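This report concerns only the one structure given below.
Computed from heavy atoms alone, side chains included, the values below leave out hydrogens, waters and symmetry copies. Note that the structure is a prediction, hence the values are computed from the model and not measured.
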Amino acid sequence: MLNIEKQVLCWQSFLTFILEPYNLIVMKKSRLFLGCFIALAVSLLSSCSNEVNDLSKGNYISSTPIEESSVALTNVFLNSLKNESRARSFSMLKYPEYFGGYYTNKETNRPVFKVVKSLSKEAKLDIERRISSPNFEIEFCENSYNSLNDVIQKLDEKFLDEKYAELRRSLGWVGYCIGMVENVIKVDLEDCSQSKINEFKEKVIDSPLIIFQVGSKIIAPTVKDSKPEDAVSKSPQELNPGQYINVPGRGEGSLCFPATQNGLEGFVTCGHVVETGMLVEGYPGMGTIGSCLQSIRGNTDVAFVQSSYNFSTLTAYGGKYLNLSTPVVLGVNDYVQKDGSTTLWTQGSVIDTGYRGTFDYDLGDYTVANLTVTNYKSSAGDSGGCVYSLTNCIAGMHMGADKAGTKHYYVVVDDIKYYLNVKL
């Protein structure tokens with residue numbers, strides 16, 4: 001997962017450096033020379049350690065060792081909570097009262113835990129206990145995550161329930177989430193005028209924890225008959241995460257990752273790409289590669305396609321070996337990669353998490369919960385592509401973008417597993 005070539009070169013240089021002066025050290029027994037030798041060796045190893053954190057694409061450099069990165073530590077923290085509460089997904093967690101959220105410090109790559117000031121001493125001890133590391137930062141906040149989540153749940157009652165769909169549309173209410181950095185709830189309205197804000201407060205909820213901003217629906221226009229440029233170079237013998245797929249009569253999309261459902265082998269893609277019972281084709285020359293057994297649209301956007309094709313974990317365009325055994329949750333400012341059949345390999349960072357949004361679909365709009373918002377590039381046809389971390393651990397599945405093309409959304413892997421009952 002790291003840059004192996006750089007590691008090998010560094011170690012080769014180090015061993016050469018040891019062996020060449022060895023006889024000189026023994027013969028002259030020079031303490032001064034030996035001291036200089038050790039200092040230079042340590043410096044070389046330190047340089048190697050820093051260099052292997054350099055990503056071959058994207059020039060993303062971490063000043064923190066991979067094992068101690070923000071993603072690794074926050075996932076240990078979240079998993080400890082999940083195990084304690086026996087929650088089926090991270091969206092169902094109950095958090096400690098001191099907890100106000102978390103994000104990654106871009107400069108240090110350390111996790112920043114938002115902590116209610118009056119509980120700071122308790123928080124520091126508990127976080128250290130959970131992650132077994134002092135490598136984190138604390139930032140004081142006013143609101144606990146639980147108090148913010150209480151308001152979120154009240155918003156869910158009117159946003160995610162279809163009986164309130166007309167209210168949602170009349171208000172131009174297109175989404176919302178907890179702002180991890182701001183420690184508030186951000187509500188997106190198509191028209192953020194004072195009159196619309198007042199109407200929202202009157203008909204939905206009036207809370208001092210909410211701030212309003214202009215937003216738009218999530219879109220993913222279908223593409224037809226636009227084969228990817230590199231289709232002819234792809235082997236028809238295996239399927240790769242992120243690769244091009246086509247659904248006759250529906251449109252085109254991308255494959256996410258291989259999975260099994262009730263013992264049946266296949267792969268995952270977006271629910272708006274393929275409907276239950278439809279056949280799915282691969283690259284030209286591959287013909288039919290599978291049949292959709294389950295497609296879910298509403299609260300999520302996922303589908304499972306049964307397929308007997310061989311799978312590789314090598315991503316179709318980024319050329320990265322995808323780690324499916326260690327799924328991760330990415331937080332605000334974390335580095336993220338995406339493979340999709342239109343924009344191929346792209347990279348960026350996370351903007352928001354836990355986003356509820358309205359998806360503008362050609363058969364009618366619907367709402368989707370618990371999306372992660374990023375700034376990587378995407379376009380029509382990328383839907384269903386795989387999304388993964390700096391260390392190539394699967395994080396989710398690309399779904400769509402806003403109308404301006406500045407925000408791009410993916411379904412988290414935890415929800416894919418939960419709604420489809422699949423194993424990676």
Side-chain angles (χ1 to χ4, degrees), residues 219-297 300-320 322 324 338-346 359 361-363 378-388 394 396-401 410-411 416 419-420 422 424:
I219 59 171
T222 41
V223 221
K224 296 185 184 295
D225 301 322
S226 56
K227 303 292 185 287
E229 294 178 5
D230 64 342
V232 292
S233 68
K234 295 296 177 182
S235 167
Q237 303 303 315
E238 64 182 19
L239 304 177
N240 301 84
Q243 79 158 70
Y244 164 91
I245 58 174
N246 177 54
V247 181
R250 254 319 287 131
E252 299 170 6
S254 303
L255 181 157
C256 190
F257 56 76
T260 60
Q261 186 187 68
N262 300 321
L264 299 174
E265 295 182 348
F267 61 86
V268 169
T269 187
C270 275
H272 71 268
V273 170
V274 59
E275 297 178 31
T276 304
M278 288 184 168
L279 298 178
V280 178
E281 296 178 348
Y283 288 113
M286 295 180 80
T288 299
I289 59 173
S291 173
C292 181
L293 297 188
Q294 186 180 17
S295 178
I296 305 173
R297 298 189 300 272
T300 190
D301 188 299
V302 293
F304 176 76
V305 178
Q306 183 182 4
S307 175
S308 58
Y309 257 79
N310 293 325
F311 283 91
S312 168
T313 57
L314 183 67
T315 60
Y317 310 106
K320 313 293 179 63
L322 200 59
L324 297 176
K338 181 226 90 244
D339 265 56
S341 66
T342 303
T343 56
L344 311 183
W345 177 86
T346 59
F359 186 67
Y361 186 54
D362 56 3
L363 298 180
S378 71
S379 188
D382 285 329
S383 295
C386 59
V387 177
Y388 48 105
I394 186 70
M397 175 175 63
H398 175 71
M399 178 189 164
Y410 72 81
V411 181
I416 298 171
Y419 282 102
L420 288 174
V422 295
L424 282 65

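- Heavy atoms only, all atoms of each residue included: Ser341 and Asp382 are closest at N-OD1, 3.3 Å.
- One finds the CG atom of Asp339 at 8.0 Å from the OH atom of Tyr317 (value rounded to the nearest 0.5 Å).
- Contact annotation: the side chain of Leu239 approaches that of Met286 to within less than 4.5 Å [non-hydrogen atoms, C-beta and beyond].
- With a 4.5 Å cut-off on side-chain heavy atoms, Tyr388 and Lys320 count as touching.
- Between Cys292 and Val274, the shortest heavy-atom distance links the atoms CB-CG2, 3.6 Å.
- Tyr361 is linked by a ring pair (Phe, Tyr, Trp, His ring centres under 6.0 Å) to Tyr366, counting only residues two or more places apart in sequence or in another chain.
- A 4.5 Å side-chain heavy-atom check between Leu322 and Leu314 finds every atom pair outside the cut-off.
- Here the CE-SG distance, from Met399 to Cys256, works out to 13.5 Å after rounding to the nearest 0.5 Å.
- Across every non-hydrogen atom of Leu324 and Phe257, the tightest pair is CD2-CB, 3.9 Å.
- In the displayed structure, Glu281 atom CD is contacted under 6.0 Å by more than 12 heavy atoms of other residues, nucleotides or ligands.
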**OP:** May I have the step-by-step check of side-chain contact (heavy atoms from CB on, under 4.5 Å) for Ile296 and Leu420, ending in yes or no?
**Re:** CA-CA 8 Å; Ile296 305 173; Leu420 288 174; 4.2 Å; yes
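- The shortest distance between side-chain heavy atoms of Glu265 and Tyr309 does not fall below 4.5 Å.
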**OP:** Could you walk me through whether His272 and Ser383 pass the side chain to side chain donor-acceptor pair (under 3.5 Å) test, one step at a time?
**Re:** CA-CA 8 Å; His272 71 268; Ser383 295; 3.0 Å; yes
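- For the atom pair Glu238 CD and Ile289 CD1, the distance stands at 12.5 Å (nearest 0.5 Å).
- The minimum heavy-atom distance between Cys270 and Gly384, with the atom names listed, is SG-N, 3.5 Å.
- The nearest pair of heavy atoms linking Ser254 to Gly385 is CB-N, 3.5 Å.
- In this structure a side-chain-to-backbone donor-acceptor pair under 3.5 Å is missing from Lys338 to Gly242.
- Rounding to the nearest 0.5 Å gives a distance of 10.5 Å between CG of Asp301 and NE2 of His398.
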**OP:** Check the pair Leu255 / Phe311 against side-chain contact (heavy atoms from CB on, under 4.5 Å), numbers first and verdict last.
**Re:** CA-CA 11 Å; Leu255 181 157; Phe311 283 91; 4.2 Å; yes
**OP:** Begin with the C-alpha distance, continue with both residues' side-chain angles, and end with the deciding distance and a verdict on side chain to side chain donor-acceptor pair (under 3.5 Å) for Gln261 and Gln294.
**Re:** CA-CA 10 Å; Gln261 186 187 68; Gln294 186 180 17; 2.8 Å; yes
**OP:** Check the pair Tyr283, Gln243 against side-chain contact (heavy atoms from CB on, under 4.5 Å), reporting the backbone distance first and the verdict last.
**Re:** CA-CA 8 Å; Tyr283 288 113; Gln243 79 158 70; 3.4 Å; yes
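- Residues Val411 and Tyr419 form no side-chain contact, since every pair of their non-hydrogen atoms from C-beta on lies 4.5 Å or further apart.
- When all heavy atoms of Val247 and Val273 are compared, the pair lying nearest together is CG2-O, 3.6 Å.
- Side-chain contact between Tyr244 and Glu252 is present, with at least one heavy-atom pair separated by less than 4.5 Å.
- In terms of the side-chain hydrogen bond (donor to acceptor under 3.5 Å, both in side chains) criterion, Ser307 has no residue partners (sequence neighbours excluded).
- Between Thr315 and Cys386, some side-chain heavy-atom pair lies under the 4.5 Å cut-off.
- The CG atom of Leu279 sits 11.0 Å away from atom CG of Asn246, with the distance rounded to the nearest 0.5 Å.
- Proximity of Val422 to Phe267: side-chain heavy atoms (C-beta onward) are nowhere separated by under 4.5 Å.
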**OP:** Give the C-alpha distance, both sets of side-chain angles, the deciding distance and a yes or no for side-chain contact (heavy atoms from CB on, under 4.5 Å) between Leu293 and Thr276.
**Re:** CA-CA 5 Å; Leu293 297 188; Thr276 304; over 6 Å; no
